[in-house]
Visitor: 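Please find one structure pasted underneath; my questions will follow.
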Amino acid sequence: MIRIAFFGTPEFSVPFLTALVDDPAFEVVAVVSQPDRPQGRNHEIVPTPVKSVALDHQIPVLQPTTLRDESVLATLLALNADYFVVVAYGKIIPQAVLDVPRLGCVNVHPSLLPKYRGPSPMNWAIAEGDAKTGVTIMLLDAGMDTGPILSQTSIGLDSDETMDTLMAKAHEQGVPLLIDTLKRFATGEIVPVAQNDEAATMTKLLDREDGRIDWTLPMEVIERRLRAYQPWPGLWTVWMRNGVETRIKIHSLQPSDFRADLPPGTVSTKNSRLHVDCSDGTIEILELQPEGKPRMSAEAFLLGYSDVNGAMLG
RNA sequence: CGCGGGGUAGAGCAGCCAGGCAGCUCGCCAGGCUCAUAACCUGGAGGUCGUCGGUUCAAAUCCGACCCCCGCAA
């Protein structure tokens with residue numbers, strides 16, 4: 001049996017972990033996850049998704065605050081692991097840890113490396129309107145997603161692709177690829193291939209301000225971001241209503257054939273429809289959510305907030 | 001004890017601060033008008049005002065407890 005320590009934290013990592021657990025060729029001897037942190041509305045301490053699954057399978061869980069620690073290193077060494085498998089762990093892994101497993105540290109990166117090194121590669125692929133992205137299985141080295149590639153699978157992006165659907169595809173194709181790659185690399189069937197650094201691109205970490213709609217952008221870009229920025233940071237805008245900033249989340253929109261031809265960010269309503277102009281046309285908002293309220297259709301919103309007509313959003 | 005908004009007719013909201021007939025827009029039902037409509041007119045049904053308790057002559061409104069929904073933050 002191939003001995004594996006699994007490094008991962010969010011929901012995205014879970015299918016990879018469960019597949020390893022379920023495969024008789026592997027023994028997952030430990031799981032390393034980020035420390036539990038206060039979360040949610042009352043700052044409750046919630047276990048990470050990966051930790052929960054590990055506990056369900058009676059797998060020992062480590063949650064070190066740092067991997068640069070002698071006792072942590074000693075614990076990892078004692079696992080006598082063949083692989084460390086890293087899927088969205090959330091922290092840089094220092095060289096001393098990379099050197100621990102016999103066969104190496106294998107990372108799952110959801111892009112076609114060397115394109116989109118760095119965080120949020122799937123968000124980026126959707127936001128850029130790419131026709132395809134993929135999943136890369138690679139060996140970690142000291143750089144940011146710079147290690148040699150073991151295997152890769154390509155994923156076609158649909159015109160209505162969202163993070164939900166893309167993650168499902170990444171799991172569908174990436175999980176079996178990981179399993180297969182781990183087995184074949186262990187037997188020497190796979191030779192790592194260095195990345196072409198000249199073709200590399202980097203993504204930046206999304207932050208909450210990325211979700212704030214810039215209405216001076218074209219419709220197409222705004223629409224892509226709506227699909228790319230789910231579930232976080234989402235897409236939102238601000239309505240100055242009677243001197244009070246009201247934040248409004250946009251859940252669904254579409255380009256409109258109606259042309260209001262107003263300055264970007266200006267709201268116009270017509271026949272129970274909600275339109276906002278951007279740089280190259282008029283967008284119809286279909287579903288939205290004022291802060292403190294549940295999400296609702298534009299039609300419902302207009303019944304209670306008819307004064308939005310003519311407002312300038314930003 | 002992280003900060004904050006909300007629960008009022010099927011939907012979205014106002015009324016609450018300052019207690020005194022339960023409102024608005026839409027939908028629904030019936031009828032009318034029109035060549036015509038996501039139009040217009042007339043009439044109508046639909047509510048334990050989240051729950052429980054307290055104060056009061058009187059509570060959607062004030063006080064207390066609880067339940068539920070949501071935004072932020074992390």
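Side chains are part of it too, since the values below use all heavy atoms of this structure and drop only hydrogens, waters and symmetry mates. Quick note on labels: first sequence line is chain A, next is B, and so on, each numbered from 1.
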Visitor: P atom, B:G12 versus B:C70: distance in rounded Å?
Guide: 14 Å
Visitor: Is there a Watson-Crick or G-U wobble partner for B:A60 with both distances under 3.5 Å, and if so, which one is it?
Guide: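 With both distances under 3.5 Å required, B:A60 matches none.
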Visitor: When both hydrogen-bonding distances must be under 3.5 Å and the geometry is Watson-Crick or G-U wobble, what is B:C49 paired with, if anything?
Guide: none
Visitor: What does B:A22 pair with, Watson-Crick or G-U, if both distances are under 3.5 Å?
Guide: none
Visitor: Rounded to whole angstrom units, what separation is found between the CZ atom of A:F301 and the C1' atom of B:C26?
Guide: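 It is 15 Å, rounded to the nearest whole Å.
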Visitor: Roughly, in whole Å, what's the span from CZ in A:R295 to P in B:G5?
Guide: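 From A:R295 CZ to B:G5 P: 24 Å.
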Visitor: Could you measure between the two P atoms, the one in B:G19 and the one in B:G53, and give it in whole Å?
Guide: 24 Å
Visitor: With both distances under 3.5 Å as the test, what is the Watson-Crick or G-U wobble partner of B:C28?
Guide: B:G44
Visitor: Give the rounded distance in Å between these two atoms: CD of A:E291 and P of B:G7.
Guide: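 After rounding, the gap between these two atoms is 15 Å.
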Visitor: Both distances under 3.5 Å, Watson-Crick or G-U wobble: report the partner of B:G2, or none.
Guide: B:C72
Visitor: Do A:L177 and A:F6 sit in one hydrophobic cluster, given that two such residues count as connected whenever their side-chain heavy atoms are within less than 4.5 Å of each other, even indirectly?
Guide: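 Same cluster: A:L177 reaches A:F6 through Ile, Leu, Val, Met, Phe, Trp or Tyr contacts under 4.5 Å.
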Visitor: Taking atom CG of A:L274 and atom CG of A:L288, what is their separation to the nearest 0.5 Å?
Guide: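 A:L274 CG to A:L288 CG: 6.5 Å, rounded to 0.5 Å.
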Visitor: If I take atom CG in residue A:L303 and atom P in nucleotide B:G23, what distance separates them, rounded to the nearest angstrom?
Guide: 20 Å
Visitor: Of A:Y305 and A:S272, whose closest RNA chain B nucleotide lies nearer the 5' terminus?
Guide: A:Y305
Visitor: The side chain of A:A300 is closest to which nucleotide in this list: B:G2, B:A11, B:C13?
Guide: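 Of the candidates, B:A11 comes closest.
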Visitor: Between A:Q230 and A:D164, do the side chains contain a donor N or O and an acceptor N or O under 3.5 Å apart?
Guide: no
Visitor: Which value, in whole Å, describes the distance between the C1' atoms of nucleotides B:C49 and B:A59?
Guide: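 Comparing C1' positions in B:C49 and B:A59 gives a spacing of 11 Å.
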Visitor: Between B:C62 and B:U25, how far is it from one C1' atom to the other, in whole Å?
Guide: 30 Å
Visitor: Check whether any side-chain N or O of A:K293 sits under 4.0 Å from OP1 or OP2 of B:G12, and answer yes or no.
Guide: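 No, A:K293 has no side-chain N/O under 4.0 Å of OP1/OP2 on B:G12.
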Visitor: So which nucleotide does B:U55 pair with, by the Watson-Crick or G-U wobble rule with both distances under 3.5 Å?
Guide: none
Visitor: Are the side chains of A:K115 and A:W124 in contact, using a 4.5 Å heavy-atom criterion?
Guide: no
Visitor: How long is the line joining NE2 of A:H251 and P of B:C70, in whole Å?
Guide: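 Rounded to the whole Å, the gap is 11 Å.
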Visitor: In whole Å, what is the span from the CG atom of A:L302 to the C1' atom of B:C24?
Guide: 15 Å
Visitor: Taking for each residue the nucleotide of RNA chain B bearing the nearest heavy atom, is the 5' side occupied by A:S297 or by A:N42?
Guide: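 Its nearest nucleotide being more 5', the pick is A:N42.
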Visitor: With a 4.0 Å cut-off on heavy atoms, is A:Q289 in touch with a base, just the backbone sugar-phosphate, or nothing at all?
Guide: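 Sugar-phosphate only.
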Visitor: Which nucleotide sits closest to the side chain of A:R273: B:C13, B:A38, B:A73?
Guide: B:A38
Visitor: If you measure only the distance, is there a donor-acceptor pair under 3.5 Å linking the side chains of A:T153 and A:Q173?
Guide: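 A:Q173 and A:T153 do have a side-chain donor-acceptor pair below 3.5 Å.
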Visitor: Please determine, for B:U34, whether a Watson-Crick or G-U wobble partner exists with both distances under 3.5 Å, and give it or none.
Guide: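 For B:U34, the partner nucleotide comes out as none, under the 3.5 Å rule.
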Visitor: In whole Å, I'd like the distance from the CH2 atom of A:W236 to the C1' atom of B:A73.
Guide: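 Checked: the CH2 to C1' distance equals 13 Å.
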Visitor: Starting the side chain at C-beta, find the nucleotide from B:C13, B:A74, B:C69 nearest to A:P294.
Guide: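 Given the options B:C13, B:A74, B:C69, the side chain of A:P294 is closest to B:C69.
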Visitor: May I ask you to say what A:R247 touches in the nucleic acid, namely base, sugar-phosphate or nothing, with a heavy-atom cut-off under 4.0 Å?
Guide: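 Result for A:R247 = sugar-phosphate.
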Visitor: With P as the reference atom in both, quote the distance from B:C13 to B:U55 in angstrom, rounded to an integer.
Guide: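 Looking at atom P only, B:C13 and B:U55 are 34 Å apart.
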Visitor: Indicate the atoms forming the closest heavy-atom contact of A:T203 with A:G118, along with that distance.
Guide: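 In terms of heavy atoms, the two residues are closest at OG1-C, 3.3 Å.
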Visitor: Report yes if a side-chain nitrogen or oxygen of A:R41 is closer than 4.0 Å to either non-bridging phosphate oxygen (OP1 or OP2) of B:G71; otherwise report no.
Guide: yes
Visitor: To the nearest Å, give me how far apart CG (A:D207) and P (B:A73) are.
Guide: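 Rounded to the whole Å, the gap is 11 Å.
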Visitor: Please give the distance between the P atoms of B:U48 and B:A11 as a whole number of Å.
Guide: 12 Å
Visitor: Taking the side chain as every heavy atom from C-beta outward, state whether A:V221 and A:R224 have any atom pair closer than 4.5 Å.
Guide: yes
